[in-house]
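This report refers to the structure that appears directly beneath it.
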Amino acid sequence: MRFDQGPWAAAGVQTVQPGVHRVPLPLPNDGLHAVNVYLLENMADDDSIVMIDGGWAIPEARKALEEAMAAIGRDLDDISHILVTHIHRDHYTNAVELRRLLGSRVYLGAGERPGLEMLGRLRSDEPAGSLQTLRRAGAGELADHIQAMDHGGYDPSVWEAPDRWLGAETLCFGDRELRVVPTPGHTKGHVVYLDEQRGLLFSGDHVLPHITPSIGFELAEPGGRPLADYLDSLRLMTRYADTRLLPAHGPVADSSHTRVAELLTHHDDRLAKSLAALGDATLDAHAVARALGWTRRDVPFGELSAFNQMLAVNETAAHLDVLVLRGWATVALVGGVNQYTRVR
């Protein structure tokens with residue numbers, strides 16, 4: 001959903017601390033306008049740069065990255081590794097392009113492998129998993145509309161496999177370490193990169209300072225309980241020492257723990273509102289989503305774009321599934337659509 005961009009998306013380089021630079025790269029026709037990538041210097045004996053996230057493979061992003069590298073006295077060729085937080089194209093596709101250009105090594109969470117493989121089979125950029133969730137949520141017409149939209153055309157060259165699939169592990173670059181923490185929820189294979197030595201969390205879309213990430217926006221087959229996974233992944237962040245928050249969208253924030261607490265409170269509120277919207281009726285997620293307000297401005301569902309309606313319905317289904325897991329609602333599959341009833 002949209003939010004006030006402020007200056008964070010403006011072109012240029014922000015040095016977060018010595019050797020750590022935030023660079024917003026532009027996005028095409030996207031409400032978020034930019035995605036942050038991070039350039040980490042002094043990570044290895046060969047003086048190469050490790051980059052967190054890749055951006056979207058468009059010429060404007062390449063130009064912005066080249067200018068940022070020049071501003072810190074470096075060249076694109078200095079990028080040796082690109083550590084991607086998740087498979088969405090505003091994070092992954094430019095990493096693949098840069099690998100082709102520079103020979104950089106691309107790393108990605110292992111949980112994204114089914115989505116990438118499914119994308120190769122379908123040879124389409126449409127969000128197949130999210131469309132299936134829409135249909136089970138009673139929003140078949142919306143799913144048909146989204147499916148018929150222009151998704152930019154499938155380009156296999158930017159959807160190649162990474163050089164390495166990552167699990168829960170620690171990456172070593174010279175005497176620097178980055179802890180890889182799997183954080184499923186936004187996608188099944190989302191990971192964050194924790195620099196415990198410098199007190200920094202490169203959070204991707206898992207923890208964002210001004211907005212809540214969409215839940216379960218998947219390329220692969222839907223499955224599991226993405227919101228339950230997301231809430232568990234949020235709580236996981238509090239088991240580590242508090243850090244500065246370096247997100248993929250929005251400005252750097254001082255405390256990851258503070259923002260995690262706000263996100264948990266937000267979802268508690270959405271769970272309560274979803275339960276109230278059920279009332280005494282038996283409803284599908286599409287009907288519940290239409291009864292709720294959206295974004296911080298409490299915009300009616302009907303005023304959202306089709307794409308944001310998809311995100312809203314799928315997020316509502318995720319909240320209803322958590323209500324079922326907690327014993328506050330029941331669900332029955334009727335004619336291919338999940339129908340939810342409040343427990344009295």
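Model, not experiment: these values are computed from the prediction. Just the heavy atoms: all of them, side chains too, but no hydrogens, waters or symmetry mates, feed the values below. In this chain, residues are counted from 1 in sequence order.
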Leu178 side chain reached by Phe173 side chain, heavy atoms, under 4.5 Å: yes
Polar contact flag, side-chain donor to acceptor under 3.5 angstrom, His286-Arg290: yes
Nearest non-hydrogen partners of Ala277 and Leu292, listed with the distance: CB-CD2, 4.2 Å
Residue pair Trp159 / Leu119: nearest heavy atoms and the distance that separates them: CD2-CD2, 3.1 Å
Under 3.5 Å donor-acceptor, Arg100 side chain and Ser157 backbone: yes
Residues Asp229 and Lys188 bridged, charged N to O under 4.0 Å: no
ring-ring contact (aromatic ring centres under 6.0 Å, His included) pairs, two or more places apart, involving residues 319-344: His267-His319
Residue pair Leu320 / Thr316, side-chain heavy-atom distance below 4.5 Å: yes
Short side-chain to backbone donor-acceptor contact, Arg22 and Trp8, under 3.5 Å: yes
Separation between CG of Leu194 and CZ of Arg179, rounded to the nearest 0.5 Å: 6.5 Å
Ser203 side chain to His206 backbone, donor-acceptor under 3.5 Å: no
Derivation of the salt bridge (charged side-chain N to carboxylate O under 4.0 Å, His left out) call for Glu303 and Arg297: CA-CA 12 Å; Glu303 295 182 13; Arg297 301 190 307 276; over 6 Å; no
Between His88 and His190, ring centroids under 6.0 Å: no
Any Leu263 side-chain heavy atom under 4.5 Å of Thr212 side chain: yes
Asp78 CG to Leu39 CG distance, which is reported to the nearest 0.5 Å: 10.0 Å
Backbone of Ile82 reached by a side-chain donor or acceptor of Ser104 within 3.5 Å: no
Side-chain (Thr93) to main-chain (Ala57) donor-acceptor, under 3.5 angstrom: yes
Test item: Asp195 and Tyr193 side chains (from C-beta on) under 4.5 Å apart, heavy atoms: no
Minimum side-chain heavy-atom gap Pro162-Val84 below 4.5 Å: no
Heavy-atom donor-acceptor pair, Asp242 side chain to His257 backbone, under 3.5 Å: yes
Residue pair Glu196 / Glu177, side-chain heavy-atom distance below 4.5 Å: no
In one Ile/Leu/Val/Met/Phe/Trp/Tyr side-chain cluster, 4.5 Å: Val337, Val324: no
Leu200 vs Thr243 side-chain heavy atoms within contact, under 4.5 Å: no
All pairs passing ring-ring contact (aromatic ring centres under 6.0 Å, His included) where residues 106-135 contributes a residue, at least two apart: His81-Tyr107
Check against side chain to side chain contact (heavy atoms under 4.5 Å, CB included), Tyr92 and Val158: CA-CA 8 Å; Tyr92 189 66; Val158 296; over 6 Å; no
ILVMFWY network linking Leu271 to Val343, side-chain heavy atoms under 4.5 angstrom: no
Gln17 CD: over 12 foreign heavy atoms closer than 6.0 Å: yes
Any donor-acceptor pair under 3.5 Å from Arg244 side chain to Val16 backbone: yes
Backbone of Ala10 reached by a side-chain donor or acceptor of His33 within 3.5 Å: no
From Glu66, Glu41, Glu67, residue fulfilling salt bridge (Lys or Arg N to Asp or Glu O under 4.0 Å) relative to Arg74: Glu41
From Arg225 atom CZ to Leu231 atom CG, the distance as rounded to the nearest 0.5 Å: 13.5 Å
Trp294 side-chain N/O to Ala289 backbone N/O, donor-acceptor pair under 3.5 Å: yes
Leu166 CG to Leu108 CG distance, which is reported to the nearest 0.5 Å: 7.5 Å
Verdict with reasoning, Thr133 to Asn314, per side chain to side chain donor-acceptor pair (under 3.5 Å): CA-CA 6 Å; Thr133 301; Asn314 289 356; 4.9 Å; no
Validation row: His210, Leu208 side chains within 4.5 angstrom (heavy atoms): no
Sidechain-backbone polar pair: Asp53 side chain, Thr85 backbone, donor-acceptor under 3.5 Å: yes
With Thr282, the side-chain contact (heavy atoms from CB on, under 4.5 Å) member among Thr341, Val334, Thr330: Thr341
Ionic contact status for Lys63 with Glu60, cut-off 4.0 Å: no
Shortest non-hydrogen separation from Gly19 to Arg198 and the atoms involved: O-NH1, 4.2 Å
Verdict with reasoning, Arg135 to Asp144, per salt bridge (charged side-chain N to carboxylate O under 4.0 Å, His left out): CA-CA 9 Å; Arg135 298 185 194 284; Asp144 291 342; 2.8 Å; yes
Side chain to side chain contact (heavy atoms under 4.5 Å, CB included) between Gln309 and Ile146, intermediate numbers included: CA-CA 10 Å; Gln309 284 185 358; Ile146 296 288; over 6 Å; no
Check ion pair Arg99-Glu160 (N to O, under 4.0 angstrom): yes
Closest contact, heavy atoms only, Ile215 versus Ala318: CG2-CB, 4.1 Å
Minimal non-hydrogen separation, Gly250 against Pro209, with atom names: CA-CG, 4.0 Å
Side chain to side chain contact (heavy atoms under 4.5 Å, CB included) assessment of Ile87 paired with Leu116: CA-CA 8 Å; Ile87 193 65; Leu116 189 59; 3.9 Å; yes
Pairwise distance CE(Met237) to CG(Leu264) - rounded to 0.5 angstrom: 11.5 Å
Interatomic distance, Leu102 atom CG to Met51 atom CE [nearest 0.5 angstrom]: 9.5 Å
Those residues that, when tested against Tyr38, pass ring-ring contact (aromatic ring centres under 6.0 Å, His included) (two or more places apart): Phe202
Stepwise side chain to side chain contact (heavy atoms under 4.5 Å, CB included) test for Leu323 and Ser274: CA-CA 9 Å; Leu323 293 177; Ser274 297; 4.2 Å; yes
ILVMFWY cluster, Leu325 and Leu275 together (side-chain gap under 4.5 Å): no
Nearest heavy-atom neighbours spanning Leu283 and Gln339: C-OE1, 3.5 Å
